[in-house]
Amino acid sequence: MSTQAARVATLLTRGEPGSQVVVAGWVRTRRDSKQGFSFIELNDGSCMANLQIVVDGNVPGFTEIKSDLTTGSSVHVAGELKESPGAKQRVELHAASLELLGTADADEYPLQKKRHSFEFLREIAHLRPRTNTFGAIARVRNCVCRAIHEFFQSRGFLNVQTPIITTSDCEGAGEMFTVTTLLHESIAARGETKVPGPGTAASPPSTLNFQNDFFGKRASLTVSGQLEAEIFATSLGPVYTFGPTFRAENSNTARHLAEFWMIEPEVPFCDLDGDMQLAEAFIKSIVQASLDECREDMEFFNERIDNTVLGTLQNILDHEFKRISYSEAVDIVTSTDRTWEYPVKWGDNLQAEHERFLTEEHFGQPIIVFDYPRTIKPFYMYCNDDGRTVRAMDVLVPRVGEIIGGSQREHRLETLDLRLRECGLDPADYWWYRDLRRYGSVPHSGFGLGLERMLLLLTGMQNIRDVIPFPRTPKHADF
RNA sequence: UCCCCUGUAGCUCAAUCGGUAGAGCGAGCGGCUGUUAACCGCUAGGUUCGAGGUUCGAGUCCUCGCGGGGGAGCCA
């Protein structure tokens with residue numbers, strides 16, 4: 001085991017026939033021949049494809065362990081790489097030695113040599129990365145994360161770490177998870193020594209005095225790093241955050257998670273037009289990187305998950321995102337002869353059915369809707385001169401819907417205070433946010449991209465719970 | 001949180017009007033084969049999600065609970 005194993009991906013693409021190599025991974029399937037030799041499909045997660053191992057019956061110890069080389073077992077193999085006479089692979093490994101590292105009882109191992117439903121695999125999230133689909137998702141997700149950093153770093157953006165525990169309420173972003181130690185203290189006060197685990201019927205005190213809490217005031221898990229990102233953007237130039245985000249909404253859909261990852265750029269001296277340009281270039285760069293760097297995985301998604309994926313992505317690369325104002329969007333939706341479950345009028349939120357119609361049918365490509373009514377948007381968005389709209393924008397894409405939400409920020413102190421009060425908020429609570437407007441205020445803009453929604457777009461997967469390794473949703477936080 | 005659907009073998013699903021529990025895949029065994037979604041034969045595998053109820057009789061009908069899916073709202 002002292003030898004560093006080669007990766008299957010490297011061997012399949014660049015492995016030299018005749019070279020001595022060592023590999024390690026998990027058996028996907030084994031086929032035995034009458035002559036006593038076997039074919040083993042070995043997967044090590046480095047790529048979709050398996051490496052075919054040919055094991056002759058006279059390999060030391062092979063006949064003894066052969067029956068244990070079942071789907072899911074792990075092995076360490078050394079041998080010579082040879083050109084393969086088979087049509088489906090360029091090279092194969094002829095084993096000189098083969099060591100069984102761990103068995104996987106075929107009667108019990110949940111992953112069979114057959115197709116499983118995603119619902120079933122979600123129940124065995126600790127094993128699903130061993131499947132083709134979830135391996136591909138993990139690799140694409142990794143590629144996307146790298147592409148995101150590269151996009152911003154190459155443009156001089158600074159990566160800023162905004163807090164996960166926060167006492168600022170980014171109004172409009174939804175319910176927050178409270179972070180508290182008061183439960184521990186109340187339990188200690190009752191003379192109990194152990195804190196009940198999740199799911200135990202702990203009875204919290206009827207009233208919580210957060211002045212006695214760890215932070216001396218109510219603290220929560222962040223729903224957005226935007227307000228803090230603005231601090232650095234108005235000091236250091238363009239910045240971006242890339243971190244986990246938490247929403248305690250009781251949302252039970254294929255597009256919502258209680259814990260998800262969000263990327264939030266914030267750019268000083270930038271208006272909404274610049275913000276929209278940045279959003280479009282950003283999405284296109286991620287799409288391009290996935291197609292360039294994960295070709296095999298992307299073709300798998302197109303073949304086995306959703307055969308419109310590659311077409312949709314190419315369409316995204318080939319066209320400018322269509323920009324329409326909220327007012328135009330309402331006009332289009334109301335002037336079509338379709339009947340809507342929820343009729344819209346100016347001032348209403350666009351419903352999912354309207355957004356889908358616009359991006360999937362009417363335009364057939366990603367669109368950016370901008371200048372929304374101020375009454376349906378949060379306090380921090382820049383107020384237009386018309387007195388009734390704010391400089392907000394949503395990027396809508398086919399099948400997924402809203403993938404980016406952003407805005408130009410209100411940088412005029414008087415207008416900000418007006419809006420805070422209009423939204424029923426106390427300007428005093430936002431004293432540091434207001435200071436950014438009192439001292440050297442500048443126009444600035446930003447947006448948030450949901451990483452998992454981006455992955456839905458890229459992979460064609462239907463459920464957001466399947467594009468994050470360990471999904472957290474109401475009633476679900478296993479693994 | 002609301003509306004609709006659903007829960008049967010390890011997995012995916014059948015089971016007519018309420019009348020003896022079935023198939024495919026997977027697994028085990030055997031056969032065949034430089035194989036590769038392998039193929040052929042045989043075998044095993046069930047508290048039909050749980051608790052009540054209606055009925056001579058419940059997988060099937062009713063009530064409640066729990067789980068899963070789809071849609072909606074909230075949003076990324």
Strand partner of [N], provided both Watson-Crick or wobble distances fall under 3.5 Å:
N     : result
B:C64 : B:G50
B:C39 : B:G31
B:A23 : B:U12
B:U1  : B:A72

Expressed as a whole number of Å, how far does the [atom1] atom of [N] sit from that of [M]?
N     : M     : atom1 : answer
B:G68 : B:C11 : P     : 15 Å
B:C13 : B:G69 : C1'   : 15 Å
B:G7  : B:C17 : C1'   : 23 Å
B:G18 : B:A27 : P     : 39 Å
B:G59 : B:G50 : C1'   : 15 Å
B:G53 : B:U43 : P     : 41 Å
B:A23 : B:A14 : C1'   : 7 Å
B:C29 : B:C61 : P     : 41 Å

For [X], ring-ring contact (aromatic ring centres under 6.0 Å, His included) partners two or more places apart:
X        : result
A:Phe37  : A:Phe39
A:His94  : none
A:His444 : none
A:Trp346 : A:Tyr326

Measure from [atom1] on [X] to [atom2] on [N] and round the result to the nearest Å.
X        : N     : atom1 : atom2 : value
A:His116 : B:U12 : NE2   : P     : 8 Å
A:Glu175 : B:C75 : CD    : P     : 11 Å
A:Glu355 : B:A76 : CD    : P     : 11 Å
A:Tyr109 : B:C11 : OH    : C1'   : 14 Å

Decide, yes or no, whether a salt bridge links [X] with [Y] under the criterion of side-chain N to carboxylate O below 4.0 Å.
X        : Y        : result
A:Glu353 : A:Arg338 : no
A:Arg323 : A:Glu280 : yes
A:Glu41  : A:Arg31  : yes

Under 4.0 angstrom, heavy atoms only, what part of the nucleic acid is A:Ile263 near: base, sugar-phosphate, or nothing?
->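 Result for A:Ile263 = nothing.
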
Using a 4.0 Å cut-off on protein heavy atoms (strictly under), produce a 5'-to-3' string for nucleotides 28-42 of chain B with B for base contact, S for backbone-only sugar-phosphate contact, and - for none.
-> S---SBBBBSS----

Base, backbone or nothing for each nucleotide of nucleotides 66-73 of chain B, written B, S, -, heavy atoms under 4.0 angstrom, 5' to 3'?
-> --SSS-BB

Contacts table for residues 142-153 of chain A: side-chain donor-acceptor under 3.5 angstrom, sequence neighbours left out:
unit_1: A:Arg146; atom_1: NH2; unit_2: A:Glu293; atom_2: OE1; d: 2.1
unit_1: A:His149; atom_1: ND1; unit_2: A:Tyr240; atom_2: OH; d: 2.6
unit_1: A:Gln153; atom_1: NE2; unit_2: A:Tyr240; atom_2: OH; d: 2.9

Under 3.5 Å, is there a donor-acceptor pair between the side chain of A:Arg419 and the main chain of A:Tyr380?
->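 Side chain of A:Arg419 to backbone of A:Tyr380: no pair is present.
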
What pairs with [X] under side-chain hydrogen bond (donor to acceptor under 3.5 Å, both in side chains), at least two apart in sequence or on another chain?
X        : answer
A:Glu299 : A:Arg295
A:Arg122 : A:Asp466
A:Arg465 : A:Asn252

Note: for A:Gly448 and A:Arg115 on RNA chain B, the residue whose nearest nucleotide lies more 5' is A:Arg115

Determine all donor-acceptor pairs shorter than 3.5 Å in which one atom belongs to a side chain in residues 472-479 of chain A; sequence neighbours excluded.
unit_1: A:Arg472; atom_1: NH1; unit_2: A:Asp478; atom_2: O; d: 2.9
unit_1: A:Arg472; atom_1: NH2; unit_2: A:Phe479; atom_2: O; d: 2.8

Using atom names, set out every protein N or O paired with an N or O of nucleotides 45-51 of chain B below 3.5 Å, distance rounded to 0.1 Å.
none

